[in-house]
Amino acid sequence: MKILGLCGSLRSGSLNAAVLRSAVDLTIPPRELVVEPDLGRLPFFNADVEETALPSTVAELRSAVGASDGLLIVTPEYAHGTSGVLKNALEWMVGGGETADKPVALASASPAVTGGDHARAWLAQTLTVMGAQVIPQDLRIPQATRKIADGRVTDEPTLAALRDLLDDLAHAVVRAREENDTFAS
Ligand SMILES: Cc1cc2nc3c(=O)[nH]c(=O)nc-3n(C[C@H](O)[C@H](O)[C@H](O)COP(=O)(O)O)c2cc1C
């Protein structure tokens, strides 16, 4: 089972990137979690460019999303939305269609007490329009600076919740496969 991790922050000391790193630590075969290295290398979405000369970075991202069984998206909340970096990546993915029926789990870490509630709601709406299956379970990590250190989640309850989210995503992938098999037969 291949899960692709996407991070909405480009910051070197990103709390959200730390959550993804810890998710990789928690993932053991037969599950695999590969993190997309850098959404910042994508150019800004431009429909003219999409039609005439699709950038290789976009083709690579679409291919990675298409080859994955599910997505784990971890993003900061900026001004009650998601980050522009992640929104831009999603815009490039609309035309590829790779998110159709793709199980997606959402997580957000914030130093604030709210833990990214608005970003979660915003993203769920956008991804649903893109045909993805956003799983109902999510992970919001408020006061994240107290729970993350040295690029990893250190808070045990948060690690347990992250483990549960990965399990929930894996179960959604299995269910999606079963539904596809039923549909195909
Ligand atoms: C421009 C800007 C807007 C922000 N807006 C919010 C917000 O709406 N809600 C929130 O919880 N945190 C907000 N924050 C704080 C971020 O959650 C915090 O900077 C976080 O550490 C960014 O994620 P990262 O550590 O993964 O880079 C904002 C930060 C910036 C720089």
Side-chain angles (χ1 to χ4, degrees), residues 1-9 15-28 30-36 39 64-83 85-87 89-91 93-94 96-144 147-148 153 155-183:
M1 182 181 296
K2 284 187 191 167
I3 304 298
L4 180 68
L6 303 179
C7 183
S9 174
L15 298 166
N16 289 278
V19 174
L20 259 186
R21 236 175 264 123
S22 290
V24 171
D25 295 345
L26 292 172
T27 303
I28 51 172
R31 295 182 195 167
E32 190 187 346
L33 172 55
V34 176
V35 176
E36 148 65 39
L39 292 180
V65 171
S68 72
D69 297 302
L71 301 178
L72 173 62
I73 298 181
V74 190
T75 186
E77 176 174 293
Y78 285 152
H80 286 192
T82 190
S83 71
V85 168
L86 181 61
K87 175 69 165 56
L90 294 179
E91 284 170 13
M93 280 192 258
V94 169
E98 288 83 3
T99 48
D101 299 325
K102 189 80 64 186
V104 180
L106 300 175
S108 184
S110 169
V113 289
T114 47
D117 297 355
H118 300 284
R120 195 249 180 256
W122 190 98
L123 265 176
Q125 193 176 353
T126 298
L127 284 158
T128 301
V129 164
M130 293 168 67
Q133 296 177 9
V134 180
I135 68 170
Q137 305 87 347
D138 63 16
L139 177 60
R140 296 169 226 186
I141 308 176
Q143 300 183 305
K147 299 166 184 168
I148 291 169
V153 176
D155 179 61
E156 282 301 330
T158 304
L159 277 173
L162 181 57
R163 194 179 286 114
D164 287 347
L165 185 71
L166 290 166
D167 285 345
D168 291 332
L169 178 58
H171 295 148
V173 167
V174 170
R175 275 198 306 277
R177 277 184 190 157
E178 286 169 356
E179 279 164 22
N180 278 345
D181 290 349
T182 309
F183 186 69

Problem - Derivation of the side chain to side chain contact (heavy atoms under 4.5 Å, CB included) call for Thr27 and Ile3 - result: CA-CA 10 Å; Thr27 303; Ile3 304 298; over 6 Å; no
Practice task
Identify, with sequence neighbours excluded, every residue that meets side chain to side chain contact (heavy atoms under 4.5 Å, CB included) alongside Pro142.
Solution key: Lys147
Practice task
Applying side chain to side chain contact (heavy atoms under 4.5 Å, CB included), name anything that partners Ala23, two or more places apart in sequence or on another chain.
Solution key: Leu33, Leu72, Leu162, Leu166
Exercise for the section: For residues Ile73 and Leu127, determine if any side-chain heavy atom of one lies less than 4.5 Å from a side-chain heavy atom of the other. Expected result: yes
Exercise for the section: State which residues pass side chain to side chain donor-acceptor pair (under 3.5 Å) with Asn180; sequence neighbours excluded, sorted by chain then number. Expected result: none
Fill in the blank from the handout: Sorted by chain and residue number, the side chain to side chain contact (heavy atoms under 4.5 Å, CB included) partners of Ala112 (sequence neighbours excluded) come out as Ser110, Thr114
Handout entry: Thr75/Ser108 under side-chain hydrogen bond (donor to acceptor under 3.5 Å, both in side chains): CA gap, chis, key distance, verdict
Key = CA-CA 5 Å; Thr75 186; Ser108 184; over 6 Å; no
Exercise for the section: Could I get the full list of salt bridge (charged side-chain N to carboxylate O under 4.0 Å, His left out) partners for Arg177, not counting sequence neighbours? Expected result: Asp69
Problem - Inter-residue atom distance Leu86.CG - Leu123.CG, 0.5 Å rounding - result: 5.5 Å
Exercise for the section: Apply side chain to side chain contact (heavy atoms under 4.5 Å, CB included) to Thr128 and Thr126, showing your working. Expected result: CA-CA 5 Å; Thr128 301; Thr126 298; over 6 Å; no
Problem - Nearest non-hydrogen partners of His118 and Glu77, listed with the distance - result: N-OE1, 2.8 Å
Fill in the blank from the handout: For Glu36, the side chain to side chain contact (heavy atoms under 4.5 Å, CB included) test, sequence neighbours excluded, returns Leu4, Leu6, Leu39, Arg41, Leu61
Handout entry: Nearest heavy-atom neighbours spanning Met130 and Leu90
Key = CE-O, 3.4 Å
Handout entry: Residues forming a side chain to side chain donor-acceptor pair (under 3.5 Å) with Asp164, sequence neighbours excluded
Key = none
Practice task
Could you grab the distance from atom CG of Leu106 to atom CG of Leu71, nearest 0.5 Å is fine?
Solution key: 9.5 Å
Handout entry: Counterpart residues, salt bridge (charged side-chain N to carboxylate O under 4.0 Å, His left out), relative to Lys87 (two or more places apart)
Key = Glu91
Practice task
Check the pair Ile135 / Val104 against side chain to side chain contact (heavy atoms under 4.5 Å, CB included), numbers first and verdict last.
Solution key: CA-CA 6 Å; Ile135 68 170; Val104 180; over 6 Å; no
Problem - Any pair counted as side chain to side chain donor-acceptor pair (under 3.5 Å), so long as it reaches residues 132-144, sequence neighbours left out - result: Asp117-Arg140, Arg120-Asp138, Asp138-Arg140
Exercise for the section: Mind jotting down which residue pairs meet the ring pair (Phe, Tyr, Trp, His ring centres under 6.0 Å) criterion with at least one end in residues 162-182? Sequence neighbours excluded, please. Expected result: none
Handout entry: Any donor-acceptor pair under 3.5 Å from Asn16 side chain to Ala109 backbone
Key = yes
Exercise for the section: Could you tell me which residues satisfy side chain to side chain donor-acceptor pair (under 3.5 Å) with Asp101, sequence neighbours excluded, listed by chain and number? Expected result: none
Handout entry: From Leu159 atom CG to Asp25 atom CG, the distance as rounded to the nearest 0.5 Å
Key = 9.0 Å
Handout entry: Qualifying residues under side chain to side chain donor-acceptor pair (under 3.5 Å), relative to Ser68, sequence neighbours excluded
Key = none
Fill in the blank from the handout: For Ile148 and Leu15, the nearest pair of non-hydrogen atoms, with its separation, is CD1-O, 3.5 Å
Handout entry: Distance-minimising heavy-atom pair for Pro76 and Gly8
Key = CD-C, 3.6 Å
Exercise for the section: Return the minimal non-hydrogen interatomic distance between Val174 and Met1, and the atom names on each side. Expected result: CG2-CE, 3.9 Å
Handout entry: Check: Thr82 side chain, Tyr78 main-chain N or O, donor-acceptor pair, under 3.5 Å
Key = no
Problem - Check ion pair Asp168-Arg163 (N to O, under 4.0 angstrom) - result: no
